[in-house]
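First the structure, in the form of structure tokens, and then the observations on it.
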Amino acid sequence: MWEVRAEIEESGRLSRSKENAMGTNGTGQNGSAHNGNGTTGASERQLTLDFGAAQSDWRESAAASKTTGRVHTTLSGDPVATMYDPSDVAGFDYMEKLGFPGQYPYTRGIHANMYRGKVWTMRQFAGFGTPEDTNERFKYLLANGQTGLSTAFDLPTLMGRDADDALSEGEVGVCGVAVSSLADMEILFDGIPLEKVSTSMTINSPAIMLFAYYLAVAEKQGVGFDQLRGTLQNDILKEYIAQKEYLFPPRPSVRIIADMIEWCTDHTPKFNPVSVSGYHIREAGSTAAQELAFTLADGFAYVESCIDRGMDVDAFAPRLSHFFNAHIDFFEEIAKYRAARRIYARRMRDKYGAKNPKSWTLRFHTQTAGCSLTAQQPENNIVRTALEALSAVLGGTQSLHTNSMDETLALPSEKAVKIALRTQQVIAYETGVTNSIDPLGGSYYVEALTDRIEKEAEEYFDKIDALGGVIEAIEAGFFQREIADASYRYQKELDRREKTIVGVNEFVETGEKIDIPILRIGKEVEQKQVDRLRNLKATRDDTAVTASLAALRTAATEERNLMPPVLDCARAYVTVGEMCRLLEEVYGVYEEDPVF
């Protein structure tokens, strides 16, 4: 028997450590013995020549069987085997690769009891029109069972432009809520007690200004900063890589983020000052491994920036969060999340010297893939979103946004938003997927995918390091070229019909009529916001405005922490545009070199 085992181990099929790791004759966490019938119950029979012979017979049978002729690859273009078995995870060490939930390396989840202790936060992205419009939508979502707020800002706000800026014309309130000053933020959260809700804000270049407005609203409500819960996206590096909503050059932009992390560590201990985002990287056309590698690399760059200014990694790392895309390739996405946790834990502990286990845990929000939605047959998007959301849950997400079926056409209607929210609730309370943690753990396919994505990500880290780091790689156009190449490959696969999008390149309905309600933003929104802003500028204390802006300029010039002067500007009703234009004078405006 042992000679046979040695022969098979020599051929790379399965090692004794793999047998132990996958649970042979072991006991489960609750003391129940594995009976060998599950994927983690590798039996002695698998370690004999019987296994090799059966495997060979199956391969011959499968090769002789008819096929559909389709190309079987992941969405990222990696080949997928017909079937996975113990030989695909040879040498698997359970404690090294998986461990237990809530324990290093956190592959199976960051909490010991995961969704048995608390279901993920259901956080629907909302924002459109005036602050009054979005305030009403917030209250609607909370009344229908949403457990956290997620704020979408319009394009002028994202670009640091006020509603009355000439460049804002035609865009005010169209793709999110218009916020130019503290006055708008006061209306946005009117009647919503900030100590009782968790608020996420998708804002990057002007994140420090919008966060200051939120803090000022909390002060007016009598809520202490230490009571505030929520997350700022505040990930500027991915803007240079993918979304392109940047203002200042990378280096001063990263310094501002470090300012915010440092200030929040001391003043808002429950608020996440940054959500390192892979979502937009994936939406730009990256592969799963690229999304994972580029996102974590960005986050590690922020960690290094904070360490370089003398901060203790364990003081700030537990409040760092991440944001991933849930795309349509079900198993690849689950593997991506598992690999992400394992990589993050190892790097935070071993490279950055974090000693607090909370610093090792990758906490992340997930949003279903906007780029997977189609304008054709939009009701199909409900199904896509449900499957993507399920992959995020099986992958162990901490919070989740489900896209609405109509988002390729317009901002979502109330009906579409409710269906998206109910999708999460059905997954949470009807399907049974919350009963057991990481139920796909031990699957030969999922474990092999997890290992492969981890390996590809590590290779990308080496390439980024060879270029000198994230900022140097941005300036060299590295990320942009990698994403462009991946996106081009996928589009060619669609054109050749090697990949199918139902209703787009297969199962097309000619003469299709779209019969869903569409939310449209009227021009009166822009006029209302412009009028409000002009009234504000005419009635605020100009002396306080001038003094607070002067203090901000001094702090930026002298490279002091910008949070205190920006907060003072917010209290004085200085606008987003006024602060951004001033900082552009100090830091300059970034212009990207074209990448071909």
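Just so it is clear, the values below take in all heavy atoms, side chains as well, and ignore hydrogens, waters and symmetry mates.
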- Would you call Arg70 and Glu498 a salt bridge, using N to O less than 4.0 angstrom? no

- Query: If you measure from CD1 on Ile236 to CD1 on Ile474, what distance do you get to the nearest 0.5 Å?
  - Reply: 9.5 Å

- Do Gln233 and Asn204 meet the criterion of a side-chain donor-acceptor pair at a distance under 3.5 Å? yes

- Has the side chain of Asp165 got a donor or acceptor atom that lies under 3.5 Å from a matching backbone atom of Leu167? yes

- Item | Phe364 and Tyr337 aromatic ring geometry - parallel, tilted or perpendicular at 30°/60° bounds | parallel

- Message: Can you see whether Glu291 engages Asn325 through a side-chain donor-acceptor pair at a distance of less than 3.5 angstrom?
- Response: no

- Is it true that a side-chain atom of Asn381 and a backbone atom of Pro378 form a donor plus acceptor pair closer than 3.5 Å? yes

- Query: With a 3.5 Å cut-off and no angle check, do the side chains of Thr295 and Asp298 form a donor-acceptor pair?
  - Reply: no

- Item | Test side-chain contact (heavy atoms from CB on, under 4.5 Å) applied to Lys499 and Thr73, Asn505, Val71, the passing residue | Thr73

- Query: Is there a donor-acceptor pair under 3.5 Å between the side chain of Tyr279 and the backbone N or O of Thr368?
  - Reply: yes

- Can you tell me if Arg338 and Thr450 form a side-chain donor-acceptor pair at under 3.5 Å? yes

- Message: Ring centroids only, cut at 6.0 angstrom: are Tyr344 and Trp360 within range, meaning strictly under it?
- Response: no

- Message: Taking Arg229 first and then Glu195, would you say they form a salt bridge - that is, a charged N and a carboxylate O separated by under 4.0 Å?
- Response: no

- Message: I'd like to know if Asp438 pairs up with Arg341 as an ion pair, taking the criterion as any Lys NZ or Arg NE/NH1/NH2 lying under 4.0 Å from an Asp or Glu carboxylate oxygen.
- Response: no

- Query: Cationic tip of Lys97 within the cone over Phe92's six-membered ring, i.e. under 6.0 Å and within 45° of the normal?
  - Reply: yes

- Item | Under-4.0 Å salt bridge between Lys238 and Glu283 | no

- Item | Gln367 side chain near Leu400 side chain, heavy-atom distance below 4.5 Å | no

- Can His111 and Asn113 be counted as having a side-chain donor-acceptor contact under 3.5 angstrom? no

- Would you check if there is a donor-acceptor pair between the side chains of Glu388 and Ser372 at a distance under 3.5 Å? yes

- Side chains of Thr402 and Gln424: is there a donor and an acceptor less than 3.5 Å apart? yes

- Task: Verify whether one side chain among Tyr213 and Asp184 offers a donor that lies under 3.5 Å from an acceptor in the other.
- Result: no

- Exercise: do Arg532 and Thr130 side chains pair donor with acceptor under 3.5 Å: no

- Message: Looking at Arg116 and Asn435, would you say the former's side chain and the latter's main chain have a donor-acceptor pair under 3.5 Å?
- Response: yes

- Item | Side chain Gln377, main chain Phe507, donor-acceptor under 3.5 Å | yes

- Note on the structure: What one should report as the nearest heavy-atom pair of Thr231 and Ser275 is CG2-CB, 3.5 Å

- Before accepting this row, confirm whether a basic side-chain N of the pair Glu332/Lys336 lies closer than 4.0 Å to the acidic partner's carboxylate O. no

- Query: Is the ring centre of Phe294 less than 6.0 Å from the ring centre of Tyr460?
  - Reply: yes

- Message: Quick check: Tyr84 with Tyr445 (ring centres under 6.0 Å apart)?
- Response: yes

- Please check if the side chain of Thr366 supplies one atom and the backbone of Ala326 the other of a donor-acceptor pair under 3.5 Å. no

- When rounded to the nearest 0.5 angstrom, what distance separates CE in Met185 from CG in Leu210? 4.5 Å

